[in-house]
Colleague: 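Encoded as structure tokens, here's the structure I'll be asking about.
Reckoned from all heavy atoms, side chains included, excluding hydrogens, waters and symmetry mates. The structure displayed is predicted, hence computed values, not measured ones. Chain letters run A, B, ... following the sequence lines, proteins first and then strands; every chain starts at 1.
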Amino acid sequence: MQKQDLKIYNTLSRELEKFEPIHEGHVGMYVCGPTVYNNAHLGNCRTYISFDVIYRYLLHCGYKVRYVRNITDAGHLENDADEGEDKIGKKAKLEQLEPMEIVQRYTLDFHHVLELFNTIPPSIEPTATGHIIEQIEMTKTILENGFAYEKNGTIYFDVEKFSKQNNYTILSGRNLDELLNNTRELGGQEDKNGRLDFALWIKAKPESIMRWQSPWGDGFPGWHIECSAMSSKYLGNEFDIHGGGMDLIPTHHTNEVAQNIACHQKSPARFWIHTNMLTVNGQKMSKSLGNSFLPLELFSGNHKLLDKGYSPMTVRFFMLQAHYRSTLDFSNEALQAAEKGFVRLMNTMKLIDGLKTSEQTTSNVKLLTSNIYDAMNSDFNSPIVLAHLFEGVRMINAVHIGTEKISIEDKNSLSKLMNDFVFDILGLKEENAVNTDKIDGLMQMIFHIRNNAKTNKDFKTSDEIRDELKRLGFEIKDGKEGTSYTITN
RNA sequence: GGUAUCGUGGCCGAGUGGCUAGGCUCAGCUCUGCAAAAGCUGCUACAGCAGUUCGAAUCUGCUCGAUACCUCCA
């Protein structure tokens, strides 16, 4: 395995760093999950797909990985003034539902969508409401350590005090003074001592239904404390990887680091990995801009910006064609290109087992293998991995039509390489895999009839069969070795 | 306004100081009854200006443009 060569871009250092786990053979990874007050949109999915590939690769490298991804089901406010309404509570009121009904609905949706994208579920998926005690305990410790203060039943983190002894902006690289002196008007922060202070615990308004008892009265936890509490509970005070979307860096992750240091005197994670945004016409996909896509709209094509639907694996492939730290622009054209590329890759994968082997080999499988591992070890560079996988595609097709040769050893290693990367690591899968022995037998029978027609030069009949099958979703190819078919959408 | 990041061929997207990434599209060819698939060939780009260098898309500076964050967002 190549794990000793893995390099990861660390937001902390802004450089590629050699990855070595704290505990030999084990990796602890925490990824910020969704706030379940709405359907996950495609931009959200990109992040989880990126981390899915990272998770899969770490597993492939032989690490025992504990992958923790939370569900935020309380505490995430409408704005960061710590006076806003809890997102879930608000949605619950709007829809006249219990908060936990909202949580349940969108948690199920989230799981469903990620399953369609063929992501592997995390090892632990803790919820904020399931860890109220831990969050209260952590808040207490931060208070005891002198980095927080109480105002009318709300506990605020004292950023100014913290930053005297620590680098508060270590993740964002921002200039603290500039942040403090930022004159932008922000409402609703009368209770805070400093404009950067944020709430660890928030006093519940009388009408609020999201409330728990605490030493400071009824309230609910702040958004940032949950991740600190849950990551340290399940991964320890210091673990290997912490990830999330780039937009979490300046606030959520910055505050998380501060909380952990204020509580445990330790920065939580060695490596911070951040994924970039999905854009539409160059703009970040977000609900507020009204340019977001729901996965199901994309699959069905039921969206005003789409010509047609695209399958989950097409979308996954499309996303893997960009590096996780680059923005990726979303368009019909790009998706169509991805669809064709994906189908080509899948069709070629089916040829591997049947390749004829020879004494000699003209295929440099060793070079291909090291190229692919090098790309993956270089900060999980999936676009380069794909580029090399297509070199494998070319190789397989060339052997298939006989212009190149392959030895049995090379065939076996090529097969393992392609299967490992395409299916296990990139997490792609064959989508129309409904062809069973029965369908296969049926198709062979039809081919037999059609070949008879062809032999009799009755091309009208043979073309009719081909056209009709195509309409039904079976694409026919007349090769030298006989007729084959693929199932299309 | 402040702070960052980025600007690559028809489209999407990698990238190292010097040796045309890759996918899709397009044109031609091979194969085929015709298709499809596959293979081969062609299309050699790097915002602009200046500098460093034997040599820069890759380093430096400036200009222009875009985006992100500073306010909920993966």
Side-chain angles (χ1 to χ4, degrees), chain A residues 31-35 37-38 40-51 76-81 84 87 169 172-175 178-179 181-187 196 223 243-252 274-279 282-289 292 317-318 321-323 325-345 347-348 351 371 375 378 381-391 393-394 396-398 400-404 454 457-459 462-463 466-467 470 475-480 483-486:
Chain A
V31 173
C32 287
T35 303
Y37 70 106
N38 222 329
H41 71 237
L42 215 58
N44 306 126
C45 295
R46 184 186 180 200
T47 292
Y48 303 118
I49 289 171
S50 297
F51 281 104
H76 197 161
L77 301 182
E78 281 294 299
N79 58 58
D80 207 34
K87 284 187 180 223
T169 55
S172 66
R174 291 265 162 74
N175 183 318
E178 278 166 3
L179 285 178
N181 297 329
N182 193 329
T183 52
R184 265 180 76 116
E185 280 294 319
L186 287 171
L196 294 179
W223 174 35
M246 258 179 197
D247 47 0
L248 297 180
I249 296 172
T251 309
H252 183 57
H274 289 100
T275 58
N276 214 135
M277 300 294 110
L278 185 65
T279 61
Q283 272 196 316
K284 175 180 173 181
M285 180 180 286
S286 74
K287 281 168 202 155
S288 48
L289 287 167
S292 63
F317 179 91
F318 163 73
Q321 278 190 305
H323 185 76
R325 281 193 289 113
S326 302
T327 55
L328 171 62
D329 201 58
F330 186 86
S331 68
N332 258 305
E333 260 188 319
L335 279 167
Q336 257 158 35
E339 184 174 62
K340 293 197 176 171
F342 172 67
V343 168
R344 186 163 161 240
L345 178 62
N347 286 342
T348 305
L351 298 176
N371 282 343
S378 150
N381 201 324
S382 59
I384 296 203
V385 169
L386 277 173
H388 289 305
L389 286 174
F390 274 97
E391 172 62 18
V393 164
R394 196 201 55 74
I396 292 163
N397 281 316
H400 179 68
I401 63 167
T403 54
E404 287 190 28
K454 280 170 71 179
K457 301 220 184 277
D458 179 8
F459 297 124
S462 66
D463 288 355
R466 183 173 64 199
D467 294 345
K470 182 162 189 178
E475 196 161 272
I476 288 189
K477 292 161 212 167
D478 292 325
K480 275 192 182 130
T483 307
S484 63
Y485 69 96
T486 51

Colleague: Is any side-chain nitrogen or oxygen of A/Asn44 closer than 4.0 Å to OP1 or OP2 of B/A74?
Modeller: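 A/Asn44 to B/A74 OP1/OP2: side-chain N or O found under 4.0 Å.
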
Colleague: In this structure, which stretches of RNA chain B are paired as stems of three or more consecutive Watson-Crick or G-U pairs, both distances less than 3.5 Å?
Modeller: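 Correct response: B:1-7 with B:64-70, B:10-12 with B:22-24, B:26-30 with B:38-42, B:47-51 with B:59-63.
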
Colleague: Tell me the interatomic distance from A/Asp247, atom CG, to B/A68, atom C1', rounded to whole angstroms.
Modeller: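 In whole Å, B/A68 C1' lies 9 Å from A/Asp247 CG.
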
Colleague: Closest nucleotide of RNA chain B for A/Asn381 versus for A/Cys32: which of these residues is on the 5' side?
Modeller: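 Residue closer to the 5' terminus by nearest nucleotide: A/Asn381.
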
Colleague: For nucleotides B/G28 and B/C43, find the distance between their C1' atoms and express it as a whole number of Å.
Modeller: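 Those two atoms are separated by 12 Å.
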
Colleague: Grab the NZ-P distance between A/Lys284 and B/A66 for me, whole Å please.
Modeller: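 A/Lys284 atom NZ is separated from B/A66 atom P by 19 Å.
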
Colleague: Just jot down the side-chain hydrogen bond (donor to acceptor under 3.5 Å, both in side chains) partners of A/Thr327, sequence neighbours excluded, or say none.
Modeller: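 Checked A/Thr327 against side-chain hydrogen bond (donor to acceptor under 3.5 Å, both in side chains); zero matches.
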
Colleague: Using a 4.0 Å heavy-atom cut-off, does A/Ala322 contact any base of the nucleic acid, only the sugar-phosphate backbone, or nothing at all?
Modeller: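 Since only primed, P, OP1 and OP2 atoms lie under 4.0 Å of A/Ala322, the category is sugar-phosphate.
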
Colleague: Find the distance A/Asn347:CG to B/G39:C1' and express it as a whole number of Å.
Modeller: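 Rounding to the nearest Å, CG of A/Asn347 and C1' of B/G39 are 15 Å apart.
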
Colleague: Can you measure A/Leu248 atom CG to B/U71 atom C1' for me and round it to whole angstrom units?
Modeller: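 One finds 14 Å between C1' of B/U71 and CG of A/Leu248, rounded.
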
Colleague: Closer to the 5' end of RNA chain B via nearest nucleotide, is it A/Thr47 or A/Gln283?
Modeller: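 Nearest nucleotide further toward 5': that of A/Gln283.
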
Colleague: Can you name the residues that form a side-chain hydrogen bond (donor to acceptor under 3.5 Å, both in side chains) with A/Thr47, not counting sequence neighbours?
Modeller: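 Expected list: A/Thr275.
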
Colleague: Show your working on side-chain contact (heavy atoms from CB on, under 4.5 Å) between A/Asn38 and A/Lys87 and close with a plain yes or no.
Modeller: CA-CA 9 Å; A/Asn38 222 329; A/Lys87 284 187 180 223; over 6 Å; no

Colleague: Pick base, sugar-phosphate or nothing for A/Asp329, based on heavy-atom distances below 4.0 Å to the nucleic acid.
Modeller: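 Sugar-phosphate, backbone atoms only, no base.
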
Colleague: Write down the distance between CG (A/Leu328) and C1' (B/A74), rounded to a whole number of angstrom.
Modeller: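 These atoms are roughly 13 Å apart.
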
Colleague: Given atom CD1 of A/Ile396 and atom P of B/G39, what is their separation to the nearest angstrom?
Modeller: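 Those two atoms, CD1 and P, are 11 Å apart.
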
Colleague: Strictly below 4.0 Å: does A/Arg394 bring a side-chain N or O up to OP1 or OP2 of B/C40?
Modeller: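 Indeed, a polar side-chain atom of A/Arg394 lies that close.
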
Colleague: Identify whether any heavy atom of A/Thr403 sits under 4.0 Å from a base atom; if not, whether one sits that close to sugar-phosphate; answer base, sugar-phosphate or nothing.
Modeller: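 Nothing, no nucleic acid heavy atom in range.
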
Colleague: Can you list everything that forms a side chain to side chain contact (heavy atoms under 4.5 Å, CB included) with A/Met277? Sequence neighbours excluded, please.
Modeller: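 Here the qualifying residues are A/Met246, A/Asp247, A/Lys284.
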
Colleague: Can you list the residues that meet the side chain to side chain contact (heavy atoms under 4.5 Å, CB included) rule with A/Asp329, with sequence neighbours excluded?
Modeller: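 Residues passing side chain to side chain contact (heavy atoms under 4.5 Å, CB included) with A/Asp329: A/Thr279.
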
Colleague: How would you label the contact of A/His323 with the nucleic acid (heavy atoms, under 4.0 Å): base, sugar-phosphate, or nothing?
Modeller: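 Sugar-phosphate contact only.
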
Colleague: Which of these nucleotides, B/A36, B/A74, B/G13, is closest to any side-chain atom of A/Lys477?
Modeller: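 Per side-chain heavy atoms of A/Lys477, the pick is B/A36.
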
Colleague: Describe the nucleic acid contact of A/Ile401 in one word from base, sugar-phosphate, nothing, applying a heavy-atom distance below 4.0 Å.
Modeller: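 A/Ile401: backbone/sugar contact only, no base atoms under 4.0 Å.
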
Colleague: Using the P atom on both, measure B/C40 against B/G13 and round to a whole Å.
Modeller: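 Going atom to atom, P in each nucleotide, I get 26 Å.
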
Colleague: Ignoring hydrogens and geometry, is there a side-chain-to-backbone donor-acceptor pair from A/Asn347 to A/Arg344 under 3.5 Å?
Modeller: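 Not confirmed, A/Asn347 side chain does not pair with A/Arg344 backbone.
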
Colleague: Between B/C6 and B/C46, how far is it from one C1' atom to the other, in whole Å?
Modeller: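 These two C1' atoms come out 13 Å apart once rounded.
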
Colleague: How far, in whole Å, is B/C24 from B/A36 if one measures between their P atoms?
Modeller: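 Here B/A36 and B/C24 have their P atoms 15 Å from each other.
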
Colleague: side-chain contact (heavy atoms from CB on, under 4.5 Å), that's the test. Do A/Glu475 and A/Val343 meet it? Break it down for me.
Modeller: CA-CA 12 Å; A/Glu475 196 161 272; A/Val343 168; over 6 Å; no

Colleague: Can a side chain N or O of A/Ser326 be found less than 4.0 Å away from OP1 or OP2 on B/A14?
Modeller: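 Yes, A/Ser326 has a side-chain N/O under 4.0 Å of OP1/OP2 on B/A14.
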
Colleague: Any donor-acceptor pair under 3.5 Å between the side chain of A/Arg174 and the base of B/C70?
Modeller: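 No.
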
Colleague: Counting any heavy atom closer than 4.0 Å, what does A/Ile249 reach on the DNA or RNA strands: base, sugar-phosphate only, or nothing?
Modeller: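 Counting heavy atoms under 4.0 Å across all strands, no contact is made by A/Ile249.
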
Colleague: Using the side chain to side chain contact (heavy atoms under 4.5 Å, CB included) criterion, which residues pair with A/Glu391? Sequence neighbours excluded.
Modeller: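 Listed in chain order: A/Leu368, A/Arg394, A/Met395.
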
Colleague: Using atom types as modelled and distance alone, determine if a side-chain donor or acceptor of A/Thr169 lies under 3.5 Å from a backbone N or O of A/Ser172.
Modeller: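 Not confirmed, A/Thr169 side chain does not pair with A/Ser172 backbone.
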
Colleague: Taking 4.0 angstrom as the limit, do A/Asp463 and A/Arg466 come out as a salt bridge?
Modeller: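 Counted as a salt bridge, because a side-chain N and a carboxylate O are separated by less than 4.0 Å.
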
Colleague: State which residues pass ring-ring contact (aromatic ring centres under 6.0 Å, His included) with A/His400; sequence neighbours excluded, sorted by chain then number.
Modeller: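 ring-ring contact (aromatic ring centres under 6.0 Å, His included) check on A/His400 returns nothing, list empty.
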
Colleague: Using a heavy-atom cut-off of under 4.0 Å over every strand shown, decide if A/Gly43 touches base, sugar-phosphate, or nothing.
Modeller: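 Result for A/Gly43 = base.
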
Colleague: Treating primed atoms plus P, OP1 and OP2 as sugar-phosphate and everything else as base, which nucleotides of nucleotides 22-32 of chain B get B, S or - for protein heavy atoms under 4.0 Å?
Modeller: SBSS-------

Colleague: What pairs with A/Gln321 under side-chain hydrogen bond (donor to acceptor under 3.5 Å, both in side chains), at least two apart in sequence or on another chain?
Modeller: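 A/Gln321 satisfies side-chain hydrogen bond (donor to acceptor under 3.5 Å, both in side chains) with no residue once adjacent residues are dropped.
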
Colleague: What integer number of Å spans the P atoms of B/G65 and B/U8?
Modeller: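 About 16 Å, rounded to a whole number of Å.
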
Colleague: Can you check the distance between B/C31 and B/A38, where both ends of the measurement are the C1' atom (answer in whole Å)?
Modeller: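 Roughly 9 Å separates the two C1' atoms.
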
Colleague: If the condition is ring-ring contact (aromatic ring centres under 6.0 Å, His included), which residues does A/Tyr48 pass it with, not counting sequence neighbours?
Modeller: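 ring-ring contact (aromatic ring centres under 6.0 Å, His included) list for A/Tyr48, sorted by chain: A/Phe110.
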
Colleague: Distance check needed: B/A4 C1' versus A/Met246 CE, whole Å only.
Modeller: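 Computing the A/Met246:CE to B/A4:C1' distance gives 11 Å.
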
Colleague: For A/Ala322, give me all partners under side chain to side chain contact (heavy atoms under 4.5 Å, CB included), at least two apart in sequence or on another chain.
Modeller: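 Applying side chain to side chain contact (heavy atoms under 4.5 Å, CB included) to A/Ala322 gives A/Arg46, A/Leu328.
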
Colleague: With rounding to whole Å, what would you report as the distance between B/A56 and B/G23 at their P atoms?
Modeller: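 About 29 Å, rounded to a whole number of Å.
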
Colleague: Return the polar atom pairs (N/O with N/O) between nucleotides 43-47 of chain B and the protein under 3.5 Å, or none.
Modeller:
none

Colleague: Between B/A74, B/G15, B/G33, which one does the side chain of A/Arg466 approach most closely?
Modeller: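 Among the listed nucleotides, the one closest to the side chain of A/Arg466 is B/G33.
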
Colleague: Given the P atoms of B/C70 and B/A14, what is the spacing between them in whole Å?
Modeller: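 To the nearest whole Å, 24 Å.
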
Colleague: Rounded to the nearest angstrom, tell me the gap between atom NZ in A/Lys470 and atom C1' in B/A37.
Modeller: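 Going from NZ in A/Lys470 over to C1' in B/A37 covers 11 Å.
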
